[in-house]
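Computed from a predicted structure; not experimentally measured. Here is how names work: the chains are called A, B, and so on, in the same order as the sequence lines, proteins then strands, and each is numbered from 1.
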Amino acid sequence: MEYDFKAIEQKWQSRWAADKVYRVEVDKSRPKFYVLDMFPYPSGAGLHVGHPLGYIASDIYTRYKRLKGFNVLHPMGYDAFGLPAEQYAIQTGQHPAVTTERNIERYREQMDKLGFSYDWDREIRTCDPDYYHWTQWAFLKMFDSFYDYDLQKARPIAELVHRFEQSGTEGVNAACTAPMSFTASEWGAMDERAREEVLQNYRLAYRADTLVNWCPALGTVLANDEVKDGLSERGGHPVEQKRMKQWSLRITAYAERLLSGLEKLQWSESLKEIQRNWIGRSEGAQVFFGIKGSDEKLEVFTTRPDTIFGVTFMVLAPEHEYVSWLATPEYRQAVEYYQAQAKKRSERERMADTKRVSGQFTGSYAVNPFNGTEIPIYISDYVLAGYGTGAIMAVPAHDSRDYAFAKHFDLPIIPVVDGGDLSESSYDAKAGKMINSDFINGLDVKEAIPVMFAEVEKRGIGKRRINYRLRDAIFSRQRYWGEPFPIYYKDGIAYPLSEDQLPLKLPPIEDFGPTEQGEPPLARVADWKTPEGYPLETSTMPGFAGSSAYYLRYMDPHNHNALVGKTEDEYWRNVDLYVGGIEHATGHLMYSRFWNMFLYDLGYVCEEEPFKKLVNQGMIQGRSNFVYRVVGTNQFVSLGLKDQYQTQEIHVDVNIVKNDILDLDAFRAWRPEFETAEFILEDGKYICGWAVEKMSKSMFNVVNPDYIVEQYGADTLRMYEMFLGPLEQSKPWDTNGIDGVHKFLRRFWRLFFDRDGRLIVTDDKATPAELKTLHKTIKKVNEDVENFSFNTSVSAFMICLNELSDQKCNKREILEPLVVLIAPFAPHLAEELWSQLGHPETIFNASYPQCDEKYLVESEVEYPVSFNGKVRFKKSLPAGLSPREIEEAVLSDPMTGKYLEGKTPKKVIVVPGKIVNVVL
RNA sequence: GCUCGGAUGGUGGAAUAGGUAGACACGCGGGACUUAAAAUCCCGUGGGCAGCGAUGUCCGUACGGGUUCGAUUCCCGUUCCGAGUACCA
């Protein structure tokens, strides 16, 4: 009986499901381990062979940990709200709930075929009201909180109100949109609307007029991480900057904790680096410059206070609020024209020509607080309204952008750091002695910076300050398919619903497009009001809302009273291993950390960081095949001969190519236009060209896992995906290689059964050689799995099998532990063999084999003997010799004498167990 | 531009507290079994040179240097590829 993977996999998959073998519960007698996959967005295209890579790896680790005695939580669900389903709904009129449901079913079907050990009783869907209840709840909590910098944590907003009542803003050090200052009596005198406006300035979920990324094509605003190169991530539509009233989350309050928290995490260095760059911490100072003829001060942010004597002009962002009055009558028209031009340019246009210098003089002058010099104030779009103060002091000698601006407008360039050549470019390096700089002349730049920080503070013209590049997260979308905000409006003031009104369910609608007035679809719903008749917020939450705390919900998915119960939270705590793509580095992985820290501050969860260890699986790319059509004919020429013709490269379906040899009949049948194709062959074959590209339909290189499972089985697919290469690396899929793994599993099966399906496993005693093979493999596989080096563990199994085949080993003593060892990788096969070996219980109740080092001891070691590093011969010596004895044995060898040629060796280097090197 | 990562046979990839480079697998070539095919098994497979042959020998881990008895591994420089970010003051 051959290895019948179809029957085996079906049998065990249905048994696992029927017996709920993978259900987990809180069990304080066993250590917990939480393995999580980034849950998928169920798109209409279904899974291709690249998608399950991470799921397979996490499943192997889950099963491994379970066999090691851990109580492993390994859940799965769906990130089901989002733009694609809604875009599809607009195009086809089908309700997103319907298409989403259909896609989920398809995903589930595909995943089930791969034999994953998820506890499906814990499945969640972000679009399920029972789930988004808690998304809305968290939003309400954020609405009802502010961030206290002194305590470094979020606090209820009532505390802030109390402090305002007591002493106004005096002594309040809280995260806010714009600094505020008022007394207790002024607070007391404010009406409700005014107070609410003040509080919006502090709330962690707040509504404010901000510069947002507006995407006209999608009809919605987008968060920074949803915009790439000035285009929307979804769909690639142009995005423009627009000032709009939007809900935001004050993630910037957590910038420092998000940054410093990275140090404790076992994440890859590159991922941490991406987050560090995204947070973009920079140390500097705010400095106030005087304005000639005015009492107002112009505030700038600089990281180079040492260059302040080199300031020759100031630049404001065109949107800066001072511009309107800084523009003198003479320049007013030109300034307004420039502002209008800047506003018209899309983000993409601006990014496209960062080389071009533009700007406009306002007619006003600022005053350098250190030497009283009067310096012209310009506006230019190279200064961003959103960063720092939206104004800079320009030091053309030591900043390349300021330099370009100065050259263009013919402004003076004063060097203040010695050592650069300013004829062609600025000297930006932070090295050299200060010159032309009054009291800091002669200091090195590195000394001058702290001196100037101190001096700025001493003179009271500014303060040290840390700036972050991180922006608050825009949280509303003018869309239908998302979580409704639990917010209603009364007299234009936003009020939260009470907790017992949650979940606020998304109403059913028929028309998903935006309204004529450009309002969100919910604006069309006539009864989208509170019971009292107040209008509800019509925008919905963005995609990242539902995915920000889903790992917590898995711990206790059916709890109706809390996001997660205390017992469950304190047992499962946080995710021990998180597996997913690196593309979420600046989105989901930032928001989730923020969201979790917030819940931690308020005491709802017991861990500050949600994901202890994180592994990013690489992308599986497609391997495309090409045929070469001779231009203007229907003739196709094989790869090796194509240079003799003028040809056109055409993608050909990889499913009709095997080992780069084209199936000619299948090609003719592939498309009508190729029916009459003729071929110029080499050696009777048509050889295709190939290239590694993204796996996509248009390249005809998509391989469907269903097809692979059908042909080779899930266990083969699982092992082959791991065998392909290191988990974290991107690598191309190549179906051809899969035979090797499949052959391995068939040979493995034949260790247990003869042709007629009779079990041939014996109870004979194993030989030392067999035991050595087994324990060597146990050791290697254990180490590799711990290091997520699954590709080399698969190799280890293959080597083990080769050795056991050589030894014709079919002994239970060897094979039984081996079955357990391979179980995480090929669970169906292992389960079947386990039961055939006479075990009634599932193999995942067994315990993982441990390596016993005593079987690994070598009796003889073969030493390569080298002379001056070059290996000349090998010498076999008994194991366990001391370096001294090895040296003696080698020196007395006649072969050594031959290579010494009468000379005495200078030195002999012995690396026990490895090599002996004789230095001449 | 800045930051990070990478480069090893025809292919995917092994091997780094510095110690026989190319494990394992694909592909390819040869052979066995078979009427034949599939399946299975065995042998060979980085390149050059010498030899009928066992074998010997030189060159080889992107390129150029350095440290070392010895470098794929460590250091300096260069080229190319990938990722992140982009007027961040």
Just to confirm, is there a sub-4.0 Å distance from OP1 or OP2 of rU20(B) to any side-chain nitrogen or oxygen of Arg872(A)? no
Does a side-chain N or O from Gln729(A) land closer than 4.0 Å to OP1 or OP2 of rG6(B), or not? no
5' precedence on RNA chain B between Ala796(A) and Thr586(A) (nearest-nucleotide basis): Ala796(A)
The residue, Ile392(A) or Val916(A), whose nearest nucleotide of RNA chain B is more 5′ is Val916(A)
Go through the steps for Leu727(A) and Leu53(A) under the test side-chain contact (heavy atoms from CB on, under 4.5 Å), then give the verdict. CA-CA 8 Å; Leu727(A) 183 59; Leu53(A) 180 72; 4.1 Å; yes
To the nearest angstrom, how far is His320(A) atom NE2 from rA89(B) atom P? 17 Å
Whole Å only: how far is the NZ atom of Lys914(A) from the P atom of rG70(B)? 19 Å
Counting the atoms with a prime plus P, OP1 and OP2 as sugar-phosphate, which does [X] contact under 4.0 Å by heavy atoms, base, sugar-phosphate, or nothing?
{"X": "Val911(A)", "answer": "base"}
{"X": "Asp734(A)", "answer": "nothing"}
{"X": "Leu724(A)", "answer": "sugar-phosphate"}
{"X": "Asp399(A)", "answer": "nothing"}
{"X": "Lys906(A)", "answer": "nothing"}
{"X": "Asn802(A)", "answer": "sugar-phosphate"}

Ring-ring centroid check Phe313(A) Phe405(A), cutoff 6.0 Å: yes
Look at the aromatic rings of Phe301(A) and Tyr387(A) and report parallel, tilted or perpendicular, splitting at 30° and 60°. perpendicular
For [N], give the paired nucleotide (Watson-Crick: N1-N3 plus N6-O4 or O6-N4; G-U: N1-O2 and O6-N3; both under 3.5 Å), or none.
{"N": "rG82(B)", "value": "rC4(B)"}
{"N": "rC87(B)", "value": "none"}
{"N": "rG56(B)", "value": "rC49(B)"}
{"N": "rG10(B)", "value": "rC26(B)"}
{"N": "rA36(B)", "value": "none"}

For the side chain to side chain contact (heavy atoms under 4.5 Å, CB included) test, which of Leu891(A), Val865(A), Val861(A), Val910(A) pairs with Ile886(A)? Val910(A)
Is the shortest side-chain N to carboxylate O distance from Lys743(A) to Asp739(A) below 4.0 Å? no
